[in-house]
Amino acid sequence: MLELKNIRKTFHKGRESVVAVDDVSLEIRQGEILGLVGESGCGKSTLSRIIMQLLLPDSGSVILGGTDLTALPRREIRQHRLDFQMVFQDPYASLNPRLTVFSTLAEALQQRHPQLKANALRERVANLLETTGLSPRLMQRYPHEFSGGQRQRIAIARALAPDPRIIIADEPVSALDVSIQSQILNLLRRLQRDLGLTMLFISHDLAVVRYLADRIAVMHRGKIIERGEAEEVFSQPQQAYTRQLLAAVPMLPAAASQI
């Protein structure tokens with residue numbers, strides 16, 4: 001579904017240069033969740049923005065469904081962006097406070113389905129809310145009227161609205177309470193199971209990634225230093241840095257082990 005080939009990105013400030021992403025290659029298969037894990041500053045978020053074409057790499061390719069996005073003219077990127085949607089860390093900051101939930105989701109739906117109007121549009125919005133565990137009766141409320149966990153459900157619904165090929169989730173539970181984290185993780189697992197969701201899930205927390213991801217890639221100082229099946233990486237880490245991450249992160253509470 002998604003292939004990254006030799007992605008490199010350097011930031012320049014005065015005479016100093018920082019290599020944020022250093023020759024990264026990854027593959028994400030259709031219907032799987034790939035967990036990308038590493039400490040803050042390792043290059044995870046920079047890589048996600050390159051995938052979204054919000055940043056251009058210095059070199060390398062981002063290939064989505066056989067199309068090399070990095071080779072396209074910028075004017076063509078917008079129409080392809082419907083195929084890859086993002087869920088951000090702070091759901092309140094990512095939602096327009098002046099729009100109701102209905103307006104937010106309707107706008108996202110009509111990007112892909114401009115023919116949807118009136119009752120048909122309202123029905124699709126209601127279905128999205130139910131899919132993400134919210135009542136359709138809430139669709140006329142504004143973001144400030146919801147809890148953090150509810151807002152993240154709205155953000156996930158918005159990401160699903162244009163029927164994307166892949167979702168990039170950048171630390172989507174790190175700003176939430178632990179009990180709410182488990183609810184959102186369970187929701188994402190259910191969406192993968194029911195919708196065949198393909199996702200790049202980015203986190204600094206290996207325990208969270210282990211619970212959700214099919215495979216794990218560990219990033220350190222801009223490079224992928226270890227990758228493999230989730231349980232394999234977790235039970236038999238090959239790199240010292242991966243072992244340090246495992247030693248530093250507490251396990252998820254028992255509540256997160258149930259769907």
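Note that the structure is a prediction, hence the values are computed from the model and not measured.
- Of the inter-residue distances, the one linking Leu188 atom CG with Met199 atom CE reads 4.5 Å to the nearest 0.5 angstrom.
- Annotation: Gln239, atom CD; neighbour count of heavy atoms from other residues, nucleotides and ligands within 6.0 Å is above 12.
- Checked by atom type and distance alone, the side chain of Glu145 pairs as donor or acceptor with a backbone atom of Tyr142 at under 3.5 Å.
- Between Leu2 atom CG and Glu27 atom CD the span is 9.5 Å, to the nearest 0.5 Å.
- Among His204, His220, Lys44, the single residue meeting the side-chain contact (heavy atoms from CB on, under 4.5 Å) criterion with Glu39 is His220.
- In this structure, the side chains of Ser135 and Leu129 stay at 4.5 Å or more apart for every pair of heavy atoms.
- Within a 6.0 Å radius of CG in Asn119, no more than 12 heavy atoms belonging to other residues, nucleotides or ligands are found.
- Side chains of Leu212 and Arg189 form a contact here, defined as non-hydrogen atoms less than 4.5 Å apart.
- Inter-residue side-chain proximity for Tyr241 and Ile225 is flagged as met; some heavy-atom pair is nearer than 4.5 Å.
- With values rounded to the nearest 0.5 angstrom, Ile154 atom CD1 is found 11.5 Å from Leu99 atom CG.
- One finds the CD1 atom of Ile28 at 8.5 Å from the OG1 atom of Thr198 (value rounded to the nearest 0.5 Å).
- When each of Glu231, Glu232, Glu32 is paired with Arg215, the side chain to side chain donor-acceptor pair (under 3.5 Å) condition holds for Glu32 and for no other.
- In this structure the side chain of Leu26 reaches within 4.5 angstrom of the side chain of Arg227, judged on heavy atoms.
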Let me see the working for Leu160 and Leu191 under side chain to side chain contact (heavy atoms under 4.5 Å, CB included), right down to the final yes or no.
CA-CA 10 Å; Leu160 292 172; Leu191 292 175; 3.9 Å; yes
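- Around atom CZ of Arg243, more than 12 heavy atoms belonging to other residues, nucleotides or ligands sit under 6.0 Å away.
- Environment of CZ in Arg98: sparse, with no more than 12 heavy atoms of neighbouring residues, nucleotides or ligands closer than 6.0 Å.
- Side-chain contact of Ser48 with Ser45: a donor-acceptor pair under 3.5 Å is absent, judged by distance alone.
- For the pair Val233 and Thr242, the minimum side-chain heavy-atom distance is below 4.5 Å.
- In this structure the side chain of Phe11 reaches within 4.5 angstrom of the side chain of Thr46, judged on heavy atoms.
- When each of Ile202, Leu36, Ile168 is paired with Leu47, the side-chain contact (heavy atoms from CB on, under 4.5 Å) condition holds for Leu36 and for no other.
- Side-chain contact check for Asp205 versus Val37: every heavy-atom pair is 4.5 Å or farther apart.
- Summarising the local packing, CD of Glu16 is surrounded by 12 or fewer heavy atoms from other residues, nucleotides or ligands at distances under 6.0 Å.
- No more than 12 heavy atoms of other residues, nucleotides or ligands shown are found within 6.0 angstrom of CD on Gln30.
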What verdict does the side chain to side chain donor-acceptor pair (under 3.5 Å) test give for Asn96 and Glu107, after you've listed the backbone C-alpha separation in whole Å, the side-chain angles of each residue and the deciding distance to 0.1 Å?
CA-CA 12 Å; Asn96 189 332; Glu107 181 180 65; over 6 Å; no
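- No option in Asp23, Asp58, Asp22 other than Asp22 meets the side chain to side chain donor-acceptor pair (under 3.5 Å) test with Arg8.
- With hydrogens and angles ignored, the 3.5 Å screen pairs a side-chain donor or acceptor of Gln238 with a backbone N or O of Gln236.
- Side-chain atoms of Ser61 never come within 3.5 Å of backbone atoms of Ile63 as a donor-acceptor pair (strictly under, hydrogens ignored).
- Side-chain contact check for Asp177 and Ser179: no donor-acceptor pair (N or O, by modelled atom type) lies under 3.5 Å.
- Between Asp170 and Arg49, at least one side-chain nitrogen of the basic residue sits less than 4.0 Å from a carboxylate oxygen of the acidic one, meeting the salt-bridge criterion.
- Between the side chains of Asn186 and Tyr211, a donor-acceptor pair is found at a separation under 3.5 Å.
- No more than 12 heavy atoms of other residues, nucleotides or ligands shown are found within 6.0 angstrom of CZ on Arg122.
- Remark: side-chain polar atoms of Arg112 are paired, donor with acceptor, to backbone N or O of Pro162 under 3.5 angstrom.
- Within the cation-pi definition used here (under 6.0 Å to the ring centroid, within 45° of the axis), Arg151 does not qualify as a partner of Phe146.
- The main-chain N or O of Leu116 is found under 3.5 Å from a side-chain atom of Gln110 such that the two form a donor-acceptor pair.
- The structure places SG of Cys42 at 11.5 Å from CZ of Arg221, a figure rounded to the nearest 0.5 Å.
- Atoms NZ and CD1, on Lys9 and Ile50 in that order, are 6.5 Å from each other to the nearest 0.5 Å.
- Thr132 places a side-chain N or O within 3.5 Å of a backbone atom of Leu128 that can act as its donor or acceptor partner.
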